[in-house]
2 protein chains.
Amino acid sequence: MARTGDPARAVTAPALSTLDFALDRSSPVPLYYQLAQQLESAIEHGVLAPGNLLGNEVDLSVRLGLSRPTVRQAIQSLVDKGLLVRRRGVGTQVVHSQVKRPLELSSLYDDLEAAGQGPTTRVVRNEGVPAQADVAAALGVAEGGEVTVLERLRLTHGQPVALLCNYLPAGLLDLDGARLESTGLYRMMRASGITLHSARQTVGARAATGEEAARLDEKEGAALLTMQRTAYDDTGRPVEYGTHVYRASRYAFDFQLLVRG
Amino acid sequence: MARTGDPARAVTAPALSTLDFALDRSSPVPLYYQLAQQLESAIEHGVLAPGNLLGNEVDLSVRLGLSRPTVRQAIQSLVDKGLLVRRRGVGTQVVHSQVKRPLELSSLYDDLEAAGQGPTTRVVRNEGVPAQADVAAALGVAEGGEVTVLERLRLTHGQPVALLCNYLPAGLLDLDGARLESTGLYRMMRASGITLHSARQTVGARAATGEEAARLDEKEGAALLTMQRTAYDDTGRPVEYGTHVYRASRYAFDFQLLVRG
DNA sequence: AAGTGGTCTAGACCACGAG
DNA sequence: TCGTGGTCTAGACCACTTT
């Protein structure tokens with residue numbers, strides 16, 4: 001299956017002309033967004049194959065009955081996602097395979113969004129405490145001020161995978177234990193109108209202490225993966241600070257980086 | 001230093017009206033980009049403080065002698081970077097402190113862009129070899145086809161930090177050993193006209209083998225941080241596949257995630 | 001009611017890359 | 001030379017938030 005050279009045969013997608021984009025002008029969903037979604041779906045389903053040209057923007061806008069800026073906005077959003085490439089004098093083409101789903105920041109979502117079927121969560125601790133120095137600094141509150149501490153043990157298939165310790169500003173959220181075990185922290189935040197925007201993470205490794213080993217069913221000294229994270233909402237306010245420890249034998253971070261042009 | 005509530009006093013930046021944005025219409029640099037840079041600089045230097053309103057887009061465009069879409073494009077780019085927040089009916093304001101520099105994908109750049117003063121690199125191996133199965137799959141070449149293998153030892157302050165093993169498609173690059181040690185892989189790629197676009201990474205941990213321990217000046221069984229990465233250029237073509245091992249006692253990944261709206 | 005950003009239009013000219 | 005995307009304009013109407 002040699003796929004070495006193959007100089008990106010630039011064929012205009014034959015299906016594109018017959019592809020019917022259903023644009024609903026009465027819908028509250030923006031036109032550029034409708035178009036972007038349908039293009040993305042066409043790429044995902046292989047209707048638009050890697051290397052296919054999209055046809056120039058002017059023609060496309062005429063055929064769709066949209067203005068060129070609107071079509072550009074749709075295309076641009078897919079370029080940002082890494083699905084399309086624009087080249088002056090050439091055209092817009094579907095990116096050369098690979099790298100399908102950018103994984104939606106999996107490490108962040110996996111951790112905050114419990115749910116699913118395999119993974120379960122046991123809430124070990126959930127109470128208000130005075131903030132230690134590092135917590136206070138991360139959450140932007142006074143040292144000794146009240147914060148909520150949340151300790152959870154995460155398991156998959158009955159086996160422990162991670163120890164999660166999170167701190168939240170006091171009163172940010174109603175942390176019902178039962179819902180936490182079934183719903184996950186991230187969904188509870190979202191349901192409370194908190195929009196996550198960015199997070200700063202540090203990922204490292206170290207040997208397990210005796211207590212960690214006992215809780216995670218590892219031997220003392222086993223390699224653990226550690227992660228510290230501070231998450232911010234869309235106003236830049238810190239909403240979560242956490243220290244997580246993972247069994248390296250059962251867990252790894254898997255994520256996609258996009259280089260900003 | 002309690003900075004708890006402080007309900008984001010929405011004050012229009014007093015300095016904004018006197019801020020002189022120097023827009024050069026004869027410059028090849030796009031106007032929206034010039035504006036974005038100057039806004040970013042103003043935010044960075046504290047001229048625009050967190051929470052400050054930017055003033056509405058229409059006024060701003062009139063005052064700058066630009067059209068509204070152009071001003072919007074500048075603002076949007078800073079919103080994407082997480083420096084500004086837009087709210088309907090409210091306005092655009094500087095994000096509420098924290099999270100200044102998104103670190104420019106440091107883990108990727110740190111690794112590829114050697115240079116600097118502290119870190120040095122020793123090239124241990126640099127030759128063409130037949131691709132093993134995992135390498136072939138990652139780089140999209142035939143199994144057994146020729147690829148370039150590159151093994152490097154990275155040191156800071158004379159101490160070993162990491163073992164880097166990278167595979168590149170054969171003939172992609174002129175890998176001059178001397179330049180590799182001083183310049184770094186990433187810069188050499190960029191100089192060859194290769195534009196990095198995205199990368200897929202897996203970060204984990206494990207205990208050091210005897211050989212790794214010897215090379216990294218650790219004890220056998222010490223916790224190591226591991227990373228596998230496949231990097232792609234802007235056409236989606238894989239340009240690098242690597243397996244890296246770091247001394248956990250001296251290295252951690254530090255990066256910023258932006259949640260895509 | 002007033003003000004804000006969100007979307008959309010119908011043009012225009014330019015710079016770059018391919019042939 | 002010609003076609004492509006890159007940039008820019010000067011409007012318009014709408015939805016949402018605050019007062």
Side-chain angles (χ1 to χ4, degrees), chain A residues 7-13 16 21 23-37 52-80 84-95 193 195 234-235 261, chain B residues 7-13 16 23-37 39 52-80 84-95 193 195 234-235 261:
Chain A
R9 195 155 287 285
V11 176
T12 301
L16 186 56
F21 292 103
L23 298 174
D24 179 2
R25 297 193 97 94
S26 69
S27 160
V29 178
L31 291 173
Y32 77 89
Y33 194 80
Q34 292 183 37
L35 177 55
Q37 278 189 322
N52 277 173
L53 281 173
L54 212 61
N56 75 61
E57 296 174 350
V58 182
D59 286 358
L60 203 55
S61 63
V62 170
R63 199 159 67 238
L64 296 173
L66 296 173
S67 69
R68 188 184 164 205
T70 301
V71 171
R72 271 185 70 79
Q73 194 174 357
I75 292 177
Q76 186 59 49
S77 70
L78 297 186
V79 170
D80 290 342
L84 295 177
V85 192
R86 293 208 243 225
R87 296 176 177 287
R88 273 206 266 234
V90 179
T92 303
Q93 46 185 318
V94 179
V95 88
T195 308
D234 58 4
T235 70
Chain B
R9 194 155 288 282
V11 177
T12 301
L16 186 57
L23 298 174
D24 179 3
R25 297 193 96 93
S26 69
S27 162
V29 178
L31 292 172
Y32 76 88
Y33 194 81
Q34 292 184 38
L35 177 54
Q37 278 189 320
L39 278 171
N52 277 173
L53 282 173
L54 212 60
N56 76 63
E57 296 174 351
V58 182
D59 285 358
L60 203 55
S61 62
V62 170
R63 200 159 68 236
L64 296 173
L66 295 174
S67 69
R68 188 184 162 204
T70 300
V71 171
R72 271 185 69 80
Q73 194 174 358
I75 292 177
Q76 185 59 48
S77 70
L78 297 185
V79 170
D80 290 341
L84 296 177
V85 194
R86 293 209 243 226
R87 297 174 179 286
R88 270 206 269 235
V90 179
T92 303
Q93 46 185 317
V94 179
V95 88
T195 309
D234 58 4
T235 70

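We name chains A, B, ... by the order of the sequence lines, and we start the count at 1 in each one.
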I'd like to know if A/Arg68 reaches the base of D/dG6 with its side chain such that a donor and an acceptor end up less than 3.5 angstrom apart. yes
Kindly indicate whether the side chain of A/Val95, heavy atoms from C-beta on, has any atom under 4.5 Å from the side chain of A/Leu84. no
Atom CG of A/Leu31 and atom P of C/dA10 are separated, to the nearest Å, by 12 Å
Please confirm whether the shortest side-chain N or O distance from B/Thr70 to OP1 or OP2 of D/dT7 is below 4.0 Å. no
Counting any heavy atom closer than 4.0 Å, what does B/Arg87 reach on the DNA or RNA strands: base, sugar-phosphate only, or nothing? sugar-phosphate
Protein-nucleotide distance (A/Arg25, atom CZ; D/dC14, atom P), rounded to Å: 13 Å
Looking at C/dG11, D/dT4, C/dG5, which one has an atom nearest to any side-chain atom of A/Pro69? C/dG11
note: A/Arg72, atom CZ; C/dT9, atom C1'; distance rounded to Å ~ 15 Å
Both A/Gly65 and B/Glu57 contact DNA chain C. Which one's nearest nucleotide lies toward the 5' end? B/Glu57
Side-chain contact test, heavy atoms from C-beta onward, threshold under 4.5 Å: evaluate it for A/Asp234 versus B/Arg87 and give yes or no. yes
Figure out the CZ/P separation between B/Arg86 and D/dC16, and round it to whole Å. 17 Å
Using a 4.5 Å cut-off on heavy atoms from C-beta on, say whether the side chain of B/Asp24 contacts that of B/Val29. no
Using a cut-off of less than 4.0 Å, is there contact between a side-chain N or O of A/Tyr32 and OP1 or OP2 of C/dT7? yes
Provide, to the nearest angstrom, the distance between the CG atom belonging to A/Asp59 and the P atom belonging to D/dG3. 11 Å
Please work out if A/Pro28 contacts a base, only the sugar-phosphate, or nothing of the nucleic acid, heavy-atom cut-off 4.0 Å. nothing
Choosing from C/dG6, C/dA15, C/dT9, which nucleotide comes nearest the side chain of B/Arg88? C/dG6
Closest to the 5' end of DNA chain C, once B/Asn56 and A/Gly89 are matched to their nearest nucleotides, is B/Asn56
